[in-house]
Amino acid sequence: MDWTSCRFCPRECGVDRTKGKGACGCGVDLRVARAGLHFGEEPCISGTQGSGTVFFSGCSLGCCFCQNAPVSCGERGIRIPTDRLSEIFLELQTQGAHNINLVTPSHFLPHIVDALSAVHSRLRIPVVYNTGGYERVESLRKLDGLVQVYLPDLKYFSTALSARYSGAADYFTHAILALREMYRQTGSVVFNENGMLCQGVLVRHLVLPGCRWDSVALLEHLARLFPTKEIRLSLMAQYTPCYHASNFPEINRKLWTAEYQTVAAAAVRLGFEGYLQDRASASLKMTPKFDGSGVLNS
């Protein structure tokens, strides 16, 4: 894993991150914006005690409508050494977290592999890899045996949409290959006696305004590639225009109920199991404060 010619993500920017910032906006220093219990994930992730989320600074995808823009596209985040990240994992476990939830982590892959390896024998809860889906298979293979649950977005089917809103025309090609690797590593979903996901792949899809038929096409393709009973789907209605969405008039509004219902009906028809989301979730209230809490030594 070479920091001097970075190719951790499909951007393959080749930047020497020991001297500058890659396409993700980060150099070699590990930066975390928040670590703590979070209750805004799916019920099988957050449960009653919360998911032990670690929000990493930066992102290689950079969606124009990102709800976490202050951390993913900004400069927020505290620099910490890798051994501190290992300590955070153990602290979250002690706090009663159902899992360790790594949010937008892939551009810090070497740090994460080292931190997880250091405490692997002491973690009694699953590790969740929470990603935008724009991943390289070669990078994901470094996590085999260290991650039990993959929580990827699958954002677009259309190359035109992914190019317009995320600057990544090759998004779907890489995301599907990544999903196949995730499924290869974890196999079918497994839940514990409390209904918490402890192994498998939970695919998230956010329905965008004006894009319902792209969403339907995406779900139809997904159903052809994976056994719908062996993965889980979280179909999200929470889109709220933020960050640079105002630069794109067609998505500078909230999702219509009819748009979401069209996609939800397709998910049911295709046999997916998982979660549908109430339209009342379309707000930024569940977005945590990226204030550095839980990052430094207590």
Side-chain angles (χ1 to χ4, degrees), residues 1-35 52-62 68 71-93 99-123 125-153 168 174-175 177-179 181-182 184-186 292 294-297:
M1 291 186 283
D2 187 6
W3 290 106
T4 63
S5 181
C6 188
R7 286 177 171 78
F8 299 153
C9 82
R11 303 272 185 206
E12 297 193 61
C13 63
V15 169
D16 182 349
R17 286 174 59 188
T18 67
K19 298 178 180 178
K21 296 180 179 180
C24 56
C26 297
V28 72
D29 292 331
L30 177 62
R31 288 168 47 207
V32 176
R34 185 183 187 276
T53 48
V54 181
F55 288 89
F56 295 92
S57 302
C59 178
S60 59
L61 194 52
N68 291 349
V71 59
S72 65
C73 303
E75 296 297 325
R76 295 190 187 178
I78 298 172
R79 289 179 176 83
I80 59 171
T82 305
D83 58 358
R84 174 58 192 149
L85 184 59
S86 295
E87 291 174 356
I88 289 172
F89 297 159
L90 295 176
E91 288 169 6
L92 291 170
Q93 178 172 259
N99 45 62
I100 303 299
N101 187 346
L102 310 178
V103 184
T104 318
S106 299
H107 47 291
F108 290 123
L109 182 67
H111 292 300
I112 289 167
V113 168
D114 288 348
L116 286 174
S117 298
V119 296
H120 182 66
S121 63
R122 287 181 281 172
L123 284 179
I125 54 178
V127 174
V128 178
Y129 205 72
N130 187 339
T131 162
Y134 195 51
E135 304 288 341
R136 288 189 74 210
V137 169
E138 294 83 355
S139 295
L140 291 173
R141 286 175 181 157
K142 305 291 185 183
L143 298 162
D144 197 355
L146 296 173
V147 169
Q148 291 74 49
V149 175
Y150 281 99
L151 184 58
D153 290 336
H174 284 287
L177 291 174
L179 275 173
E181 174 61 20
M182 294 171 185
R184 183 197 68 79
Q185 290 183 24
T186 67
V295 178
L296 298 178
N297 290 296

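One-based numbering along the sequence shown.
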* Asked: Rounded to the nearest 0.5 Å, how far does CD1 of Ile80 lie from CG of Asp29?
  -> 11.0 Å
* What heavy-atom pair brings Leu109 and Lys142 nearest, and what distance separates the two atoms? -> CD2-CG, 4.1 Å
* Evaluate the side-chain proximity of Val15 to Lys21: yes if any heavy-atom separation is below 4.5 Å, no if none is. => no
* **Where Val295 and Ala33 come nearest, the two heavy atoms and their spacing** => CG2-C, 4.1 Å
* **Heavy-atom pair of closest approach, residues Ser57 and Cys26** => O-SG, 3.4 Å
* **side chain to side chain donor-acceptor pair (under 3.5 Å) partners of Glu12, counting only residues at least two apart** => none
* Work out which heavy atom in Leu179 is nearest to a heavy atom in Pro152; give both atom names and the distance. => CD2-CG, 3.5 Å
* To do: List the steps, then state whether side chain to side chain contact (heavy atoms under 4.5 Å, CB included) holds for Thr53 with Arg34.
  => CA-CA 8 Å; Thr53 48; Arg34 185 183 187 276; 4.0 Å; yes
* Asked: Taking side chain as C-beta onward, heavy atoms only, is His107 less than 4.5 Å from Cys6?
  -> no
* Structure fact -> Closest non-hydrogen contact found for Gly145 with His120 is O-CE1, 3.2 Å
* **Side chain proximity check, Thr131 to Asp153, heavy atoms < 4.5 angstrom** => no
* **side chain to side chain contact (heavy atoms under 4.5 Å, CB included) assessment of Thr186 paired with Val147** => CA-CA 8 Å; Thr186 67; Val147 169; 5.7 Å; no
* Look up atom SG in Cys59 and atom OH in Tyr134, then write down how far apart they are to the nearest 0.5 Å. => 11.0 Å
* Checking side-chain contact (heavy atoms from CB on, under 4.5 Å) against Phe55, which of Val32, Asn130, Asn68 comes through? -> Asn68
* Under-4.0 Å salt bridge between Arg141 and Glu138 -> no
* From Leu146 CG over to Leu123 CG, what is the distance, rounded to the nearest 0.5 angstrom? -> 10.0 Å
* **Residue pairs involving residues 1-29 (criterion ring pair (Phe, Tyr, Trp, His ring centres under 6.0 Å); sequence neighbours excluded)** => Trp3-Phe8, Trp3-His111
* Structure fact -> Separation between CD1 (Ile100) and CZ (Phe89), nearest 0.5 Å, reads 6.5 Å
* Asked: Do the ring planes of Tyr129 and Tyr150 sit parallel (below 30°), tilted (30 to 60°) or perpendicular (above 60°)?
  -> perpendicular
* Looking at side-chain heavy atoms only, is the closest gap between Asp2 and Ser5 below 4.5 Å? -> yes
* To do: Evaluate the side chain to side chain contact (heavy atoms under 4.5 Å, CB included) criterion for residues Val149 and Val127: first the C-alpha distance (whole Å), next the side-chain angles of each, then the deciding distance (0.1 Å), finally the verdict.
  => CA-CA 6 Å; Val149 175; Val127 174; over 6 Å; no
* Structure fact -> Partner of Leu92 under side-chain contact (heavy atoms from CB on, under 4.5 Å), picked from Asn99, Ile125, Val54, is Val54
* Hey, is the main chain of Gly294 close enough, under 3.5 Å, to the side chain of Glu91 for a donor-acceptor pair? -> no
* Output the distance between atom CG (Leu143) and atom CG (Leu116), rounded to the nearest 0.5 Å. => 7.5 Å
* Quick one: pull up CG in Asp144 and CE in Met182 and give me the separation to the nearest 0.5 Å. => 12.5 Å
* Close side-chain approach of Ile112 and Thr82, heavy atoms under 4.5 Å -> no
* Quick one: does Arg84's side chain have a donor or acceptor within less than 3.5 Å of a partner on Leu296's backbone? -> yes
* To do: Take Arg11 and Leu61, measure what side chain to side chain contact (heavy atoms under 4.5 Å, CB included) needs, and give me the verdict at the end.
  => CA-CA 9 Å; Arg11 303 272 185 206; Leu61 194 52; 4.0 Å; yes
* Inspect the surroundings of CZ in Arg79 and state if more than 12 heavy atoms from other residues, nucleotides or ligands are less than 6.0 Å away. => no
* Closest approach of Ala115 to Ser86 (non-hydrogen atoms, all atoms of both residues) -> O-OG, 2.9 Å
* Just wondering, do Arg136 and Arg7 contact through their side chains at under 4.5 Å, heavy atoms? -> yes
